[in-house]
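All residue numbers in this chain count up from 1 along the given sequence.
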Amino acid sequence: MCYYIGMSFINFDNVSFTYSAGTQNEIRAVKNLSLSIEEGEFVALVGHNGSGKSTVAKLMNGLLTPRTGKVTVNGLDTADKKSLFEIRKNVGVVFQNPDNQMVATIIEDDVAFGPENLGLDPKEIRSRVDFALKCVDMYDYREGAPFRLSGGQKQRIAIAGVLAIKPRVMVLDESTSMLDPQGKKEIMDIVLRLNREERMTVIMITHFMDEAALADKIFVMEDGELVLSGGKEVLKSPRLAQNGLGYPPAVSLAKRLREGGMDIGEVYTDDELVEEICRLL
């Protein structure tokens, strides 16, 4: 699998989306959103529950279409029903609860579901299933039952099911929020490897700032609007503290250590902080 960097792939142009909550009540979940994501990037979309993040995820692959504005994926308009098949081949979404994505009683059959629906040759399906399971380190479990797996293992299978379609973009919508710390680390290690080694475009939708710290580009949403965007420097913005998101733990601890007299350089992740402390010691 090979992905190329430097070309804008997903574009939101002044997009708004409203949910109907009855005949009179409406909820405007996304408001005049404009953003662009290039191939090969690792992007974090962060915000509190209700900020519009999950709506954006569904707009990215045509599960929802804008009330106003336009979403394009590789130049294809998500509002064009004739383009939806190609769009969903290109943009795979992994949702919060892996149990809701399981469709078979055998793990390899579950991973094969997507390629089968693409009408691929059985040999190609077999190849893709093996590739996907090896990517998430679950190949040895291929003949087992999903219900016997841990939460982290189930989420790996959900990721494998998306990988088997071979999308150019993977969207993870709060995909680690139900996992324990070890399960979260396992999923994040896989995601980082897919981005760095396979050059897959990854969009991590999260409210965990330590996950956002791993991204190349960060978008911050608040009440349906984009309020901050940029590189890792966004993670030091006072706006994060003002709306209760806070800073990544490494950023907060580094700040306290500097205040205590230690010459800590710029850090955003736990690994970067450990390296700085080891350097000083």
Next on the checklist: Is it the case that over 12 heavy atoms from other parts of the model lie below 6.0 angstrom from the CZ atom of Arg258?
Outcome noted: yes
Next on the checklist: Could you check whether atom CZ of Arg148 has more than 12 heavy atoms from other residues, nucleotides or ligands sitting under 6.0 Å from it?
Outcome noted: no
Checklist entry - With sequence neighbours left out, what residues match Ser36 under side chain to side chain contact (heavy atoms under 4.5 Å, CB included)? => result Ser8, Asn11
Checklist outcome for this item: For Thr55, the side chain to side chain contact (heavy atoms under 4.5 Å, CB included) test, sequence neighbours excluded, returns Phe17, Tyr19, Ala29, Val30, Leu59, Leu64
Checklist entry - Sub-3.5 Å donor-acceptor pair from the side chain of Lys154 to the main-chain atoms of Asp99, do we have one? => result no
Item to check | Backbone N/O of Ser229 and side chain of Lys217: donor-acceptor pair under 3.5 Å | outcome: no
Item to check | Pairs meeting criterion salt bridge (charged side-chain N to carboxylate O under 4.0 Å, His left out) with involvement of residues 107-123, two or more places apart | outcome: Glu108-Arg126
Grab the two heavy atoms, one from [X] and one from [Y], that are nearest each other, plus how far apart they are.
X      : Y      : value
Pro248 : Leu235 : CD-O, 3.8 Å
Arg88  : Gly62  : NH2-O, 2.8 Å
Pro98  : Ala158 : CB-CB, 4.4 Å

Checklist entry - Are Glu222 and Ser51 linked by a side-chain donor-acceptor pair shorter than 3.5 Å? => result no
Checklist entry - Linking I/L/V/M/F/W/Y whenever their side-chain heavy atoms sit closer than 4.5 Å, directly or via other members, would Ile205 and Val227 fall into one cluster? => result no
Checklist outcome for this item: Phe12 meets the ring pair (Phe, Tyr, Trp, His ring centres under 6.0 Å) criterion, sequence neighbours left out, with none
Next on the checklist: Can you tell whether the side chains of Glu39 and Arg199 come within less than 4.0 Å, N to carboxylate O?
Outcome noted: no
Item to check | Residues Glu259, Arg256: salt bridge by 4.0 Å N-O rule | outcome: no
Return a table of donor-acceptor pairs under 3.5 angstrom between the side chains of residues 260-269 and protein atoms on other chains or two or more places apart.
residue	atom	partner	partner atom	Å
Glu266	OE1	Lys236	NZ	2.2
Glu266	OE2	Lys236	NZ	3.1
Thr269	OG1	Glu272	N	3.2

May I have the list of side-chain donor-acceptor pairs in residues 182-191 shorter than 3.5 Å, sequence neighbours left out?
residue	atom	partner	partner atom	Å
Lys185	NZ	Asp189	OD2	2.9
Glu186	OE1	Arg156	NH2	3.1

